[in-house]
Amino acid sequence: MLTKKQLSSVMINAIVLKMIMTFPRNIFMICANSAWMAGIAATAVSFGLFCLIKRLYCAKSNVIDISYKLGGVMLRTITGLCVFLVLSLNFISILRIFPEIIHLVLLQKTYVEFITAAFVITVIYGSWCGIEAIARVHQIFIPIAGVVFASFIIMLLPDIKGGNLLPIFGNGAISLIKGSLSVMSIFSDLLMLNILIPFAKDPDDWKGAGNKSIIIGGVCAILIFLAYGMCYAYPASSEFIVPIYQLERLINLSDFFSRLETVFQFIWSISILLYSSMYLAVLGETWRESFGLHHVKPLCAPITIALVGVALLPDSLNDAIFWDGAINRWVYIPAFAIPVIIGALFHVKQFKATR
């Protein structure tokens with residue numbers, strides 16, 4: 001069973017992780033210097049929606065369990081497949097973009113196919129270890145990553161220029177609203193937390209973990225938006241493929257510590273491996289619950305291989321980033337809508353049964 005700290009660690013890693021990839025670039029392309037304001041708005045709206053979900057799910061039952069109580073095997077299967085599809089879309093870009101970034105940043109002389117193969121084998125093994133084992137590693141690693149993140153932000157202070165955030169509303173109010181909606185996709189992993197409800201040691205642990213992860217994840221996202229926006233003036237901030245790597249390259253403590261980006265990339269890589277392992281384990285659990293199966297571990301490799309096949313469909317890294325941006329603009333809608341709709345329908349059914 002998972003404790004509140006373990007659930008919080010898993011969700012904080014999941015929410016912050018997207019900010020380490022190409023995500024900030026997509027938001028700056030939409031709303032320019034007001035990206036940090038979009039982060040605040042998205043955090044507030046996501047917290048409100050999660051408060052609604054908390055009221056709809058009181059027992060140790062996730063959205064798939066509730067759908068079975070609501071409509072039997074048929075609704076359980078349909079709901080499970082919808083959840084599986086949403087989680088897959090939310091995760092699939094990592095399988096393509098992360099190996100490409102590692103090849104581009106750290107291992108330029110290594111074939112990207114070898115990096116992808118090593119990444120896939122590692123996450124298959126990680127997911128095979130099980131949800132509880134991965135969560136325990138998260139609990140150990142996240143405080144270390146938090147210290148590294150705080151150090152990263154502090155070391156960027158000499159390069160920060162407040163004037164780069166002007167004009168304060170960026171490309172205008174409409175663009176700010178669009179950007180805020182896109183930022184909400186970093187909280188779409190709360191659907192994964194819903195699947196983990198039966199694994200919580202205490203029925204209320206997942207609720208506290210969700211609150212904590214939204215607040216901490218939102219603050220980290222806002223800090224990254226602010227740091228990136230103040231270090232690189234718009235429109236340069238909308239052009240870099242990997243914004244975090246560009247920020248890392250600014251850090252130069254002395255001649256002996258001029259390549260600190262490799263240290264940060266190592267920590268981010270561990271974070272991504274943990275995230276990917278947990279995600280695949282949750283996808284396996286979703287599939288198992290959807291069809292009433294008894295075992296999860298045999299599903300890890302087939303699911304991973306199938307998702308890798310889909311992830312390799314884009315012809316280039318630019319195409320993969322384009323599709324990732326397109327998915328991020330919409331994936332949060334079903335991620336929040338599915339648990340809200342199923343939970344609300346179940347409460348209506350209970351209300352009618354008591355009358």
Side-chain angles (χ1 to χ4, degrees), residues 7 10-11 14-15 18 42-94 131 180-200 203 206-207 209-211 213-214 217 275 278-293 296 299 303 306-307 310 324 326-351:
L7 285 168
V10 168
M11 293 312 303
I15 292 173
K18 285 186 177 179
T43 302
V45 173
S46 298
F47 189 84
L49 289 173
F50 183 71
C51 288
L52 173 61
I53 293 173
K54 285 191 301 182
R55 295 181 63 86
L56 296 175
Y57 293 80
C58 299
K60 292 187 67 174
S61 300
N62 59 24
V63 65
I64 300 176
D65 297 327
I66 294 296
S67 64
Y68 178 70
K69 297 175 184 178
L70 179 63
V73 175
M74 180 63 71
L75 184 59
R76 181 189 68 184
T77 303
I78 294 173
T79 303
L81 289 176
C82 290
V83 171
F84 185 87
L85 177 61
V86 173
L87 291 176
S88 297
L89 289 174
N90 198 38
F91 167 68
I92 203 167
S93 62
I94 298 290
I131 289 174
S180 300
L181 293 175
S182 293
V183 174
M184 284 188 64
S185 67
I186 68 174
F187 299 102
S188 58
D189 286 310
L190 289 170
L191 182 58
M192 180 172 68
L193 177 61
N194 190 292
I195 300 300
L196 292 175
I197 289 176
F199 291 87
W206 70 273
K207 299 178 181 180
N211 292 335
S213 60
I214 291 173
Y275 168 84
M278 177 59 80
Y279 227 101
L280 288 169
V282 170
L283 284 171
E285 179 65 23
T286 302
W287 192 271
R288 184 195 69 78
E289 291 187 29
S290 301
F291 294 96
L293 304 177
V296 175
L299 299 172
I303 289 175
L307 292 179
V310 177
D324 179 50
I327 291 171
N328 284 333
R329 282 194 290 270
W330 302 105
V331 72
Y332 67 90
I333 298 177
F336 283 106
I338 292 173
V340 168
I341 292 172
I342 295 297
L345 290 175
F346 181 69
H347 274 262
V348 170
K349 180 180 179 180
Q350 283 188 318
F351 176 75

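Excluded from the calculations below are hydrogen atoms, water molecules and symmetry mates; all remaining heavy atoms, backbone and side chain alike, are included.
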Asker: To the nearest 0.5 Å, tell me how far L299 CG sits from L280 CG.
Answerer: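 Result: 11.5 Å between the selected atoms.
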Asker: How would you list, by chain and number, every residue that makes a ring pair (Phe, Tyr, Trp, His ring centres under 6.0 Å) with Y275, sequence neighbours excluded?
Answerer: Y279
Asker: Please name the pair of heavy atoms, one in A281 and one in I131, separated by the smallest distance, quoted to 0.1 Å.
Answerer: CB-CG1, 3.7 Å
Asker: The criterion is side-chain hydrogen bond (donor to acceptor under 3.5 Å, both in side chains); which residues satisfy it with K69, sequence neighbours excluded?
Answerer: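 K69 satisfies side-chain hydrogen bond (donor to acceptor under 3.5 Å, both in side chains) with S61 once adjacent residues are dropped.
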Asker: Heavy atoms only: give me the nearest L190-S213 pair and the separation to one decimal.
Answerer: CD2-OG, 4.3 Å
Asker: Do the non-hydrogen side-chain atoms of F291 and L81 ever get within less than 4.5 Å of each other?
Answerer: yes
Asker: Can you see which heavy atom on L191 is nearest to which on P339, and at what distance?
Answerer: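 Smallest interatomic distance, heavy atoms only, reads CD1-CD, 4.0 Å.
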Asker: Once rounded to the nearest 0.5 Å, what's the spacing between atom CG of L345 and atom CG of L75?
Answerer: 8.5 Å
Asker: Taking salt bridge (charged side-chain N to carboxylate O under 4.0 Å, His left out) as the cut-off, I'd like each qualifying pair that reaches into residues 278-287, sequence neighbours left out, listed once.
Answerer: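 Listed by first then second residue: E285-R288.
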Asker: Would you mind writing out the side-chain donor-acceptor pairs for residues 43-56 within the sub-3.5 Å range, not counting sequence neighbours?
Answerer:
| residue | atom | partner | partner atom | Å |
| --- | --- | --- | --- | --- |
| T43 | OG1 | G39 | O | 2.7 |
| S46 | OG | A42 | O | 2.8 |
| K54 | NZ | N211 | OD1 | 3.1 |

Asker: To the nearest 0.5 Å, what is the distance between CD1 (I195) and CG (D189)?
Answerer: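 Interatomic distance, I195 CD1 to D189 CG, rounded to 0.5 Å: 12.0 Å.
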Asker: So, for S67 and T79, which heavy atoms are closest and what is the spacing to 0.1 Å?
Answerer: CB-OG1, 3.4 Å
Asker: Give, for atom OG of S93 and atom CD1 of I327, the distance between the pair rounded to the nearest 0.5 Å.
Answerer: 6.5 Å
Asker: What pair of heavy atoms forms the shortest contact from P334 to V86, and how long is it?
Answerer: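 In terms of heavy atoms, the two residues are closest at CB-CG2, 3.7 Å.
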Asker: Are any non-hydrogen side-chain atoms of M74 and I78 less than 4.5 angstrom apart?
Answerer: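 They are in contact (side-chain heavy atoms under 4.5 Å apart), so the answer is yes.
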Asker: What residues form a ring pair (Phe, Tyr, Trp, His ring centres under 6.0 Å) with F84, not counting sequence neighbours?
Answerer: W287
Asker: Scan side-chain atoms only and decide if S182 and N328 contain a donor-acceptor pair under the 3.5 Å cut-off.
Answerer: no
Asker: Is there a side-chain contact between W206 and Y57, using heavy atoms and a 4.5 Å cut-off?
Answerer: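 SC-SC contact between W206 and Y57 confirmed.
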Asker: So which heavy atom on S88 is nearest to which on L283, and how close?
Answerer: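 Between these two residues, the closest heavy atoms are OG-CD2, 3.7 Å.
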Asker: What distance do L307 atom CG and L89 atom CG have between them, rounded to the nearest 0.5 Å?
Answerer: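 Going from the CG atom of L307 to the CG atom of L89 covers 9.5 Å.
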Asker: Examine distances only and state if a side-chain atom of N62 and a backbone atom of D65 form a donor-acceptor pair shorter than 3.5 Å.
Answerer: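 Present.
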Asker: Hey, mind stepping through I214 and M11 against side-chain contact (heavy atoms from CB on, under 4.5 Å) and telling me if it holds?
Answerer: CA-CA 8 Å; I214 291 173; M11 293 312 303; over 6 Å; no
Asker: Answer yes or no: is there a donor N or O on one side and an acceptor on the other, between the side chain of Y68 and the main chain of E289, under 3.5 Å?
Answerer: no
Asker: Is N194 close to I197 at the side-chain level, that is, under 4.5 Å between some pair of heavy atoms?
Answerer: yes
Asker: Kindly compute the distance separating CD1 (I66) from CZ (F346), expressed to the nearest 0.5 Å.
Answerer: 4.5 Å
Asker: Go through the structure and list residues passing side-chain hydrogen bond (donor to acceptor under 3.5 Å, both in side chains) with S290, not counting sequence neighbours.
Answerer: none
